[in-house]
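Since the structure comes first, as structure tokens, the remarks are kept for the end.
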Amino acid sequence: MWGSLGQYIRALEGKGELLRVSHPVDLKFEVGCIADRLVKRRGPAVVFDQPRLEDGSISRFPLAMNLYGTRERTNMALGVSDPSEIGEMMVGLMKPDIGNLIKRPWKGLGLLKQGLAMAPKKISKAPCQQVRIENPDLTQLPIPTTWPDDGGPFMTLPLVVTVDPITGVHNMGMYRGQVFGPTEVGLHWQKHKHGADHADSADGRMPVAICLGGAPETMFSAISPLPDNLSEYEFAGLLTGKRLRITKCLTNDIWVPADSDFVIEGYTIPGETRVEGPFGDHFGHYSLEGDYPVMHVTAITHKKDPTVPMTIVGVPPMEDGYLGEAIGDALLPVLRFQHRDLVDLFLPLETGFHNLSIVASKQRYPRQARKTALGLLGAGQMMFQKVVVVVDEDHPVKDLDALLDALESKVNISDDLVILEGMVADTLAHAAPWENIHNKLIIDATIPPPGDPIESVKNQGVSESLAISSSAIDGVVQSRMLRPSMMVITTQIEGGPKPEESMEEVDEHLASFQRERISTIRDSIWKLGAAKDLRWLFITDSDADLEDEDWRRRLLWQLFCRFEVGRDLYFDESRTRISWDATAPIPSNEGALPVRRWPAVTLHDPELVQRVDAWLSERL
Ligand SMILES: Cc1cc2nc3c(=O)[nH]c(=O)nc-3n(C[C@H](O)[C@H](O)[C@H](O)COP(=O)(O)O)c2cc1C
Ligand SMILES: [Mn+2]
């Protein structure tokens, strides 16, 4: 559909979906804050014609942000009226070869190659190589620093191409790149991703290319969690209906999308790492620092009139939220094809996609819904999910009220919570007790089918006055009933992590004080006569304001991004009531499970936000 990023940007401009900023704007904090505020008001995409570098000079290249910042724009970038069209198309191509598919589901996509010529097309004289920069220097590119505590500027929409050292198959993944210097980049491919897999099996220098820009569909294919044996290049071809044009790098043997705006070529050296981060990340907290490989740049080429696209991630809703929702919708038909009892699936952007999934399942036989959940947890990047709520097949998965209704009316605390200990976690899961390891929770919120001895919920509910009497308890800041047997309270406990500061050091004394305070609050509530039938008690920090207009989105984020299943769920003696502690914990090794360093929340300088908001209000 789109031949290039430039074409898409011109189309946005034609539709009045683009804000062009022609005065100088700082790459440090300012561009990111503008992009963020634009997303929050569902505003247009933005192009900065004069991005100002840290040395005060103006970059020669324009910077585009917020290209996918609404559902409509994402659909436009993908050339669909609904992303599910993409999955339907894939399923259509997989179906004819059913015998083979059982053994190798992706074999069916071979059809693409013959039928629709999805194999990438090799060309020379590629647009991305029209200009070769004489002395490659990344610090001259418009690469933003988005948050105050970030370790430096980061490429946030890079298409990182690596080659499987054994098979020669190319992979393109979006892994952020930290600019360490003119020719050095930190490559944040997490352990579970294909880039890391390639690096682990390389012996000797490994070639890498980072592409910036290109057709919006190509960017989308880099983030799509594709099955291991479907290549992003073929998927990009499928999205556009045209073979992806690729060309060979000048200083290594990697083939890259020919219509990229920029190509940064280089290599990594096995074993060489450098501290990457901190970086204000998808979960609305800073990612913890970590050791990641370093790419050494050997060449930078670009189109004659390139644009550099970037994004900012942080407390949702952010631009990546719309990308993530599109991925969910696009790949659902494929998941459904492979998991026959899956009916519907939703990963709310507020919970960072990996912390909560709502799964509607068939349930002809006892515990079928749980089986569906377990199946999904083994499907590609669904492995990162922390909480899966399985619901009946007629449940509207995107409706938050319906979710609360199901938790209220269909979940028996004693029978319907399944905890899986010691599972794979997303590297970003800062609440996980160890890097890449956490516990998972499956909540069965379905009606048991005939023959299942499980007791259905007898819902008493409690009186509204519980919220009032709870707010009188020492340490409780606000309280709110979410459903008759479900209450949330906020607290402020002395010494706990503040949103604006990370807490690096273990402090056993403070941590045990914090744990005690929370159990006292919980027990005091449970002791109230009115709380006998309170089944769900959610506890979180008072930086969520339960009176705020947007409190539900905020609460969803806080409840799922600040808790660990193995550490923060607590049942009462009769196992009929549960408390869910989503307060930011103090680093400690002496609780039920360790708490590592606790990161700060991504927050802009309030003065900058004010300035940007005032300026945007004049422009839009
Ligand atoms: C804006 C954005 C930034 C991302 N940054 C990273 C990152 O730094 N590291 C990472 O491992 N995954 C990151 N991801 C997710 C991967 O791109 C995604 O998991 C992708 O499917 C990986 O491709 P692969 O399966 O070929 O490895 C990011 C996604 C988006 C949308
Ligand atoms: Mn891949």
Side-chain angles (χ1 to χ4, degrees), residues 32 35-36 39 65-69 74 77 106 109 143-144 146 150-151 154-164 167 169-179 185-200 208 210-212 216 218-236 276-284 286-290 292-293 295 309-314 316-328 330-331 347 349 352-354 379-385 424-429 435-436 602:
D36 184 11
V39 179
M65 296 184 83
N66 200 21
L67 292 169
Y68 302 87
T74 302
W106 289 97
L109 283 166
I143 300 171
T146 47
D150 278 1
F154 286 83
M155 292 183 252
T156 49
L157 282 178
L159 318 183
V160 179
V161 184
T162 52
V163 180
D164 186 316
T167 65
V169 169
H170 282 54
N171 187 78
M172 184 166 63
M174 184 164 289
Y175 319 118
R176 69 167 185 255
Q178 179 171 0
V179 178
V185 185
L187 291 172
H188 189 258
W189 48 53
Q190 294 156 17
K191 201 70 190 161
H192 314 96
K193 309 298 172 75
H194 289 144
D197 186 11
H198 291 174
D200 283 349
V208 181
I210 300 179
C211 306
L212 302 176
T218 313
M219 288 191 238
F220 188 74
S221 72
I223 61 173
S224 295
L226 300 176
D228 289 339
N229 41 2
L230 174 65
S231 111
E232 285 83 6
Y233 286 179
E234 285 170 358
F235 186 63
E276 198 265 8
F279 174 73
D281 220 324
H282 303 279
F283 290 176
Y286 286 88
S287 275
L288 306 171
E289 291 172 12
Y292 281 86
M295 172 182 176
M310 292 287 164
T311 190
I312 173 170
V313 297
M318 285 272 181
E319 182 180 12
D320 60 313
Y322 296 98
L323 284 167
E325 287 195 347
I327 287 178
L331 294 182
L347 315 178
L349 70 87
F353 298 107
H354 292 166
Q381 292 184 34
M382 286 293 287
M383 67 174 147
F384 297 131
Q385 293 298 327
V424 170
D426 190 339
T427 309
L428 301 190
E435 187 172 36
N436 300 327
T602 56

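Just so it is clear, the model here is predicted, and its values are computed rather than measured. Below, all heavy atoms of this structure are taken into account, side chains as well, without hydrogens, waters or symmetry copies. Remember, it's 1-based here, ligands and their atoms both numbered in the order they're listed.
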Separation of Leu67 CG from Thr74 OG1 (nearest 0.5 Å): 9.5 Å

Min side-chain heavy-atom separation Met174-Pro158 under 4.5 Å: yes

N, O or S atom within His194 nearest to the Mn ion (ligand 2), by name: ND1

Backbone of Gly173 reached by a side-chain donor or acceptor of Glu232 within 3.5 Å: no

Nearest heavy-atom neighbours spanning Ile312 and Asp36: CG2-N, 4.0 Å

Whether Tyr175 side chain and Gly195 backbone form a donor-acceptor pair below 3.5 Å: yes

The Mn ion (ligand 2) to Glu232: nearest N/O/S atom name: OE2

Between Asn171 and His198: side-chain donor-acceptor atoms closer than 3.5 Å: no

The Mn ion (ligand 2) contact by Met172, N, O or S atom under 2.8 Å: no

Those protein residues which place at least one heavy atom below 4.0 Å from ligand 1: Thr156, Asn171, Gly173, Met174, Tyr175, Arg176, His188, Trp189, Gln190, Lys193, His194, Ala222, Ile223, Ser224, Pro225, Glu232, His282, Thr311, Gln381

Sidechain-backbone polar pair: Ser287 side chain, Leu428 backbone, donor-acceptor under 3.5 Å: no

